[in-house]
Structure formats: C-alpha cells, structure tokens
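Reviewing the structure listed below.
None of these values were measured; they are calculated from a predicted model. Atoms within each ligand, like the ligands themselves, are counted from 1 in listed order.
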Amino acid sequence: MSDTQHTKLLIIGSGPAGYTAAVYAARSNLHPIQVLGLQPGGQLTITTEVENYPGFADPIQGPWLMEQMQAQAENVGTKTIYDLVTDVDFDSRPYKATLDSGDVITADTVIISTGAKARWLGLPSEEKFMNMGVSACATCDGFFFKNQRVAVIGGGNSAVEEALFLANLCEKVTLVHRRDELRAEKIMQQRLFDNPKIDILWDNEVEEILGVEVGQGDKPGVTGLRTKNNKTGEMTQTPLEGVFVAIGHDPATSLFKDNLDMDDEGYLITAPDSTATSIAGVYAAGDVKDKIYRQAVTAAGMGCMAALEADKYLATLEAENKKAA
Ligand code: NAP
C-alpha cells in the first residue's frame with residue numbers, strides 16, 4: 001500500500017549538492033527527507049580517484065566520498081529514501097512529489113539536486129577505457145596526465161576550456177572536432193589557436209580509442225586515438241595517453257519542464273546569487289543549475305546555500321502563518 005508523509009524540506013537527488021543541503025537542513029532541525037534517485041551518490045560514484053575535494057591530504061575514491069556524505073547526512077538526522085521521484089506538483093501548497101513506489105511526499109520546501117550527466121560518444125572502446133585514460137572532466141582528472149599527451153573531443157566552450165586547462169599540464173593536446181568551425185566563444189577560440197601546445201583535427205570523428213586492456217599488458221590504459229575525416233575519409237592515428245570527452249551534458253530536469261523556468265539547454269534558472277527557482281520555496285543546487293563549474297565542491301557550496309535559503313523561507317512562512325492566525 002502506498003504511503004504519504006509530510007516534511008518541511010524534501011531534497012530530490014543525492015550528489016554533493018543534495019547531501020550538503022541535507023546536512024545543513026538536518027542541523028537546522030528541518031528533519032529533511034532526501035529521495036536518493038536512480039544513482040545514489042551521483043556522478044562521483046562512477047569516478048575513481050578524487051584529489052580535489054578539500055579536506056583529504058591523500059587521494060580518495062569517489063564512491064567512498066559519496067558513502068561518507070550519505071552517512072554524514074543520515075547521522076545528523078536526514079531520512080534518506082532509496083526511490084525515484086516520478087512526478088511533482090508545485091501548483092499548490094504543500095508541494096507534492098510522487099515516487100516510483102507509489103508513495104507520496106508532501107513538503108513545505110523542496111531542494112532539487114538531480115545533477116547532470118556527461119554525454120559520451122557511445123563507442124565500446126570509450127567504455128572499455130573509462131577511468132583508465134577516458135574522462136569527461138579535465139579539471140578533475142587532468143592532473144593524472146601531467147606531461148603526457150591527451151585529446152579533447154568537442155568544439156564547444158567546455159572542450160576549448162578543457163583543452164586550454166590541459167595545455168597547462170600536458171605535453172601536447174589535440175582537439176578533435178567533427179566540423180571545421182568551433183561553437184565556443186570567439187575569445188576562447190583565439191586563446192586556443194594561439195596556444196602552441198594545442199593542435200586541432202578538424203572534420204574528424206573518433207572511430208576508436210586504442211589501448212591496453214586490463215590483463216593484457218604491464219601498463220593497462222589508453223595508448224592512442226583513431227579518427228576519421230568525415231570529408232575525405234582519411235584516417236588518423238594519434239598516439240596519446242588520455243582522452244577527454246567534452247561534447248556536452250544533459251541536466252536531469254525533465255521532471256520539472258512544466259513547472260520551473262529553465263534555459264534552452266534544460267538547466268534550471270535561479271535568481272542571481274541565490275538558489276531560488278521560479279517557484280517560491282523551491283530551490284536548485286549543483287549541476288542541475290550550473291553549466292560552468294560542475295565541481296563537487298561548487299555543488300556542495302550550492303547545496304549549503306539552498307538549505308540556508310529554505311530555512312529562512314520556512315521561518316518567514318511560519319511568522320506569516322502566526323500573524324494570520
Ligand atoms: P555544447 O556547447 O553543446 O558543445 C558540444 C560540442 O560537442 C559541440 O561542438 C558539438 O559539435 C560536439 N558534439 C556533440 N555531440 C557530439 C558527438 N556525438 N561527437 C562529436 N562531437 C559532438 O556543450 P558544452 O561545451 O559543454 O557547453 C554547454 C553549455 O555550457 C553552453 O551553453 C556553454 O556556453 C556553457 N559553458 C560555459 C562555460 C563558461 O562560461 N565558462 C564553460 C563551459 C560551458 P557541433 O558543434 O558540431 O554541434
């Protein structure tokens with residue numbers, strides 16, 4: 001039988017933004033309920049080493065970090081639920097979320113921290129070498145390729161930013177783009193063209209990421225990239241150690257498309273210097289609203305902001321209700 005419960009604060013999603021919101025909200029006595037979603041822990045659960053989350057002198061494992069965040073949120077009083085929100089109703093108060101199990105949660109405030117997913121090329125070789133030379137985050141993993149050769153796939157702002165970032169660390173960077181012009185902002189393009197460490201393979205698509213599989217040699221990992229010119233058919237083989245796929249992200253916002261303001265790429269829009277969405281009492285934190293930084297630590301910071309804003313909003317609401325009574 002389905003169950004209905006009420007909470008002052010419902011948190012949807014469980015990456016660094018959601019867990020940080022949960023910690024702050026629980027410690028403010030809001031007794032939050034957090035619905036963890038399909039992939040509890042989010043993007044960091046498919047990462048291996050994390051070296052850029054403050055507080056850990058030695059590298060830590062992404063899945064371990066997320067387990068710790070969940071335990072911390074639960075230890076301070078968050079009720080976590082292994083389920084998926086399948087429908088939301090923000091038209092009247094309290095807000096309502098229906099879960100995949102059929103259970104319903106009503107809530108005075110909601111924090112959305114459903115994250116975003118990196119787009120991948122969809123090649124079997126990409127999957128084979130994931131976290132063994134293939135990554136979708138130069139800021140996270142670039143350091144592991146210091147003084148090595150890498151490729152960045154894509155032609156947007158992310159690809160150009162990643163190529164420039166990697167050029168500061170790596171011996172050589174090859175940008176592989178499927179067309180003969182970039183989508184990135186002109187000023188970024190100029191920086192890319194001016195960088196002597198970066199080569200561009202125009203009109204090229206990745207055919208295969210080459211490498212040594214686990215158990216097949218002493219040093220498993222990526223050894224090269226085979227691309228094909230889509231105008232001439234010419235194949236190019238580039239020896240390298242790392243491949244960064246930067247072909248965009250998909251924010252997990254389909255649930256909110258009839259309710260909340262979002263930009264044309266589907267990212268939730270929040271007020272300046274705030275996590276407030278277009279509906280009062282509904283907040284968004286982390287990659288679901290951020291296409292610029294996309295870091296665990298920035299997501300965590302936004303989760304903190306959202307919890308503080310929800311707390312303040314609830315206090316105002318309570319004061320108004322008292323006055324009206
Ligand atoms: P994007 O602008 O959608 O660019 C994706 C790039 O990947 C495009 O060049 C696209 O090629 C290419 N691509 C897509 N699918 C591909 C495939 N299957 N195979 C090969 N190439 C493929 O994504 P983004 O660069 O991540 O940027 C997303 C948004 O975030 C944009 O609005 C961007 O301005 C913003 N952003 C801002 C900043 C900043 O302000 N600092 C930094 C990063 C991102 P085509 O060009 O041929 O379509």
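A 4.5 Å side-chain heavy-atom check between L36 and I81 finds every atom pair outside the cut-off. Q148 is not listed as a side-chain neighbour of L240, based on a closest heavy-atom distance of 4.5 Å or more.
Other members of the cluster containing Y293 are I292, with ILVMFWY side chains joined at under 4.5 Å, either directly or via other members. Under the 4.5 angstrom side-chain criterion for Ile, Leu, Val, Met, Phe, Trp and Tyr, I269 has no cluster partners at all.
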For ligand 1, which of its N or O atoms have a protein N or O partner closer than 3.5 Å, and how long is each gap?
{"unit_1": "ligand 1", "atom_1": "9 (O)", "unit_2": "G155", "atom_2": "N", "d": "2.9"}
{"unit_1": "ligand 1", "atom_1": "9 (O)", "unit_2": "G156", "atom_2": "N", "d": "3.2"}
{"unit_1": "ligand 1", "atom_1": "11 (O)", "unit_2": "R178", "atom_2": "NE", "d": "3.2"}
{"unit_1": "ligand 1", "atom_1": "11 (O)", "unit_2": "R178", "atom_2": "NH2", "d": "3.4"}
{"unit_1": "ligand 1", "atom_1": "25 (O)", "unit_2": "N157", "atom_2": "N", "d": "3.3"}
{"unit_1": "ligand 1", "atom_1": "25 (O)", "unit_2": "S158", "atom_2": "N", "d": "2.9"}
{"unit_1": "ligand 1", "atom_1": "25 (O)", "unit_2": "S158", "atom_2": "OG", "d": "3.2"}
{"unit_1": "ligand 1", "atom_1": "26 (O)", "unit_2": "S158", "atom_2": "OG", "d": "2.6"}
{"unit_1": "ligand 1", "atom_1": "32 (O)", "unit_2": "E265", "atom_2": "OE1", "d": "3.4"}
{"unit_1": "ligand 1", "atom_1": "32 (O)", "unit_2": "E265", "atom_2": "OE2", "d": "2.8"}
{"unit_1": "ligand 1", "atom_1": "34 (O)", "unit_2": "N157", "atom_2": "ND2", "d": "2.9"}
{"unit_1": "ligand 1", "atom_1": "41 (N)", "unit_2": "E161", "atom_2": "OE2", "d": "2.6"}
{"unit_1": "ligand 1", "atom_1": "46 (O)", "unit_2": "R179", "atom_2": "NE", "d": "3.4"}
{"unit_1": "ligand 1", "atom_1": "46 (O)", "unit_2": "R179", "atom_2": "NH2", "d": "2.8"}
{"unit_1": "ligand 1", "atom_1": "46 (O)", "unit_2": "R183", "atom_2": "NE", "d": "3.0"}
{"unit_1": "ligand 1", "atom_1": "46 (O)", "unit_2": "R183", "atom_2": "NH2", "d": "3.3"}
{"unit_1": "ligand 1", "atom_1": "47 (O)", "unit_2": "R178", "atom_2": "NE", "d": "2.9"}
{"unit_1": "ligand 1", "atom_1": "47 (O)", "unit_2": "R179", "atom_2": "NE", "d": "2.7"}
{"unit_1": "ligand 1", "atom_1": "48 (O)", "unit_2": "R178", "atom_2": "NH2", "d": "3.0"}
{"unit_1": "ligand 1", "atom_1": "48 (O)", "unit_2": "R183", "atom_2": "NH2", "d": "2.5"}

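Using a distance-only test at 3.5 Å, with no hydrogens or angles considered, no donor-acceptor pair links the side chain of S158 to the main chain of A246.
Each disulfide (SG to SG under 2.5 Å) pair with one or both residues in residues 119-150, not counting sequence neighbours, appears once here: C137-C140.
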